[in-house]
Amino acid sequence: MTKEEAIDRIKYLTAELNRHNYLYYVKNSPEISDYEYDQLLKELEWLEKQYNYQEPDSPTQRVGGFITKEFPNQPHRFPMLSLDNSYDWNEVVSFFKRNITNVDDVEFVAELKYDGLAISCIYENGILITALTRGDGTIGEVVTNNVKTIKNVPLRLFGDYPNWVDIRGEIIMPFDSFNKLNKEREENSEYPFANPRNAAAGSLKLQDSSLVAKRNLQFMPYEVLTETPIFSNHYEAMMKAKEWGAPVPPYIKLCHGLNEVKIFIDEYEIKRDELPFGIDGVVIKINNYELQRQLGNTAKYPRWAVAFKYKPEQALTQITSVDFQVGRTGVITPVANLNPVLLSGTTVKRVTLHNFDFVKQNDIHVKDYVWVEKSGEIIPKIVKVEVDKSPPDAYPVCPPRFCPACNSPTLHKEGDPFVYCTNDKFCPPQILGKLQHFISKDAMDIETLGEEKIELLYRKGLVKSPADLYNLTYDQLLGLENQYQMPDGKIRIVRFQHKTVENILKSIEKSKSKPFDRMLYALGIKNVGSVMAKNIANYAKSLDKLMQMSKEELQQIPEVGDITAQSIIDWFSDPDNLLLIERLKKAGLKFALDEETPKSEKLKGLNFVISGVFEDIERDDLKRLIEANGGKVLSSVSSNTDYLIAGDNMGPAKRQKANELGIPIISFKEFVEKFKINNI
Ligand code: IVH
């Protein structure tokens, strides 16, 4: 076979395989068997390798193989808005009546509200070029290689598609794939995902796209955006997108007036239990684009669409006993043990009673019957006590006089809903709570440890103080075994493997460079939240200075009042805390604000665009560096751009634009050398 013949065959196979994909996933009428499909795919794979040639929409990309270290950011051409929502049909009616008078004559589209994560798939000339997560709605993360492995995502469109189109939708994981994945994870001693949405989100951010390919994710398109308007309504656009090959789900209905929408909602309230994937409601959209445009958006939500959410399931069960849990600040929380009851697919056995005011207000007794509900489908809560069912031997929930964990006397002040354990130094759950707070996301963000693993380290006696984290060694961690209970009650063992240990040590090391205010927050000083910690850090500039400040001086700091000032003074007058500070200092944590980067005007008047990821510098730091030297950073390439600084995995569209406009593309190294940047 000549190279030319091979390329012809590659082109033929690519087109043919994409067509079969379309027939299978969109038309539901395959022409060939799975086996025949795999044979063609294997042939294509072989030819591509042999002749070093691949079409941009090659289906071989579905098996993955790309490793993405960091997902670069990219602005959305059109913002990705969220939806206002309600559990109450009358509110939905008023939502639309507020904006339009003749709701009975208007066309609506009702669709299911898929419970996953939003994705924007951008097709240029019919080829999938970029896939972006929602991010903050304005800037998303580029996850193209991972999205390309999702089997029902078209890699190319068919028919009369426009030059540029953004097909948006939800990425979901069906229940059976979710259950299978969690089973595998248990067998491999990995923590299971809490729900399919988390599993889908976690999968899409995997670094190795060949692993994403195995996760069986699905794309559920729900929005079509074009550069210039080519459709007059949403339903037409969705049907057209289906013709182009987008897997538009069948759970969509064009409705005349809101009454027809209500029928759709009622229908799926029953059918939802039989769906193979999770939904949390129905999205109702005004069909006509012109009307949508007239109504416009608020800062967050469109005024032409709203989500009706199905009420969470509720179940009636009995409180069998009440435990008391001790938190990091010594607060004792009553937790009710329940007769196990099935709720939205999982068994609920325990529910928090929050505090003793909640107990009093709801008149909750042990042995009472209560209605429980799952808010956000994860944490159960009590919504009502079924007073009539209360047995005669029901008895009150009294605040404990001694700490259930360490037996020290408790403190219950009149009018305070909380009861406290007074032994803040040696009460085990308080120590553990402080450790968990230290590593938490807003504090030192030692993300790979997590609440369960740090508990294990504490139980094994390896970590008693946050400072102990910085003395942990590889050998101490390798092979540690953690037992935990699955939702089904079975006990599983998770063993620390090489990779886990490496990741833990890496993130502990990384925490050393967290800014001063995070460290301050991590110390867990009473009344010092993360925002307060920022104010204090900005004012005091260093811990040494903070420790010397008087109560009056402390109260000069924004938002610091008498109580907080006193708790700061109390904290620093405890010798154990001073010892902790000494040890953390020795470990190399930041005890002062970072020095400001020296300013220069080397880049004055120059505009830069940054694209891709860089080995030597984080993108945010590069941006700061350019600005510190007087330059400007723009988000997209235009004739105003002077240089495009390119890292790995740079977006092809940016490169093309820069080439068209003759804008120099330079690496980070070239940038540093060319402008003699020395304040990195
Ligand atoms: S339309 C401007 N339709 O729900 C309108 N969203 O809570 C954009 N979602 O961010 C959204 N199913 O990720 C739309 N059929 C559907 C949806 C849907 C799920 C998600 C979407 C959105 C979130 C809002």
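Positions are given from 1 along the sequence. Every heavy atom of this structure was used, including side-chain atoms; hydrogens, water molecules and symmetry mates were not. Each ligand, and each atom within it, is numbered from 1 in the order the structure gives.
No side-chain N or O of Thr149 forms a donor-acceptor pair with one of Ser209 less than 3.5 Å apart. No donor-acceptor contact under 3.5 angstrom links the side chains of Ser440 and Gln436, judged on distance only. Side-chain contact of Tyr37 with Asn21: a donor-acceptor pair under 3.5 Å is present, judged by distance alone.
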Please test Trp304 against Asn288 for side-chain hydrogen bond (donor to acceptor under 3.5 Å, both in side chains), starting from the C-alpha separation and ending with a verdict. CA-CA 9 Å; Trp304 45 265; Asn288 187 285; over 6 Å; no
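Salt bridge status for Arg619 with Glu70: absent, with no side-chain N to carboxylate O gap under 4.0 Å.
The aromatic rings of Phe308 and Tyr310 lie perpendicular to each other, with more than 60° between the two planes, well past the 30° mark.
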Are there any protein N or O atoms under 3.5 Å from the N or O atoms of ligand 1? List them with distances, or say none.
unit_1   : atom_1 : unit_2 : atom_2 : d
ligand 1 : 3 (N)  : Lys285 : NZ     : 3.0
ligand 1 : 4 (O)  : Lys113 : NZ     : 3.3
ligand 1 : 7 (O)  : Lys113 : NZ     : 3.3
ligand 1 : 12 (N) : Tyr114 : N      : 3.1
ligand 1 : 13 (O) : Glu170 : OE1    : 2.5
ligand 1 : 13 (O) : Tyr222 : OH     : 3.1
ligand 1 : 15 (N) : Glu111 : OE1    : 2.8
ligand 1 : 15 (N) : Leu112 : O      : 2.9

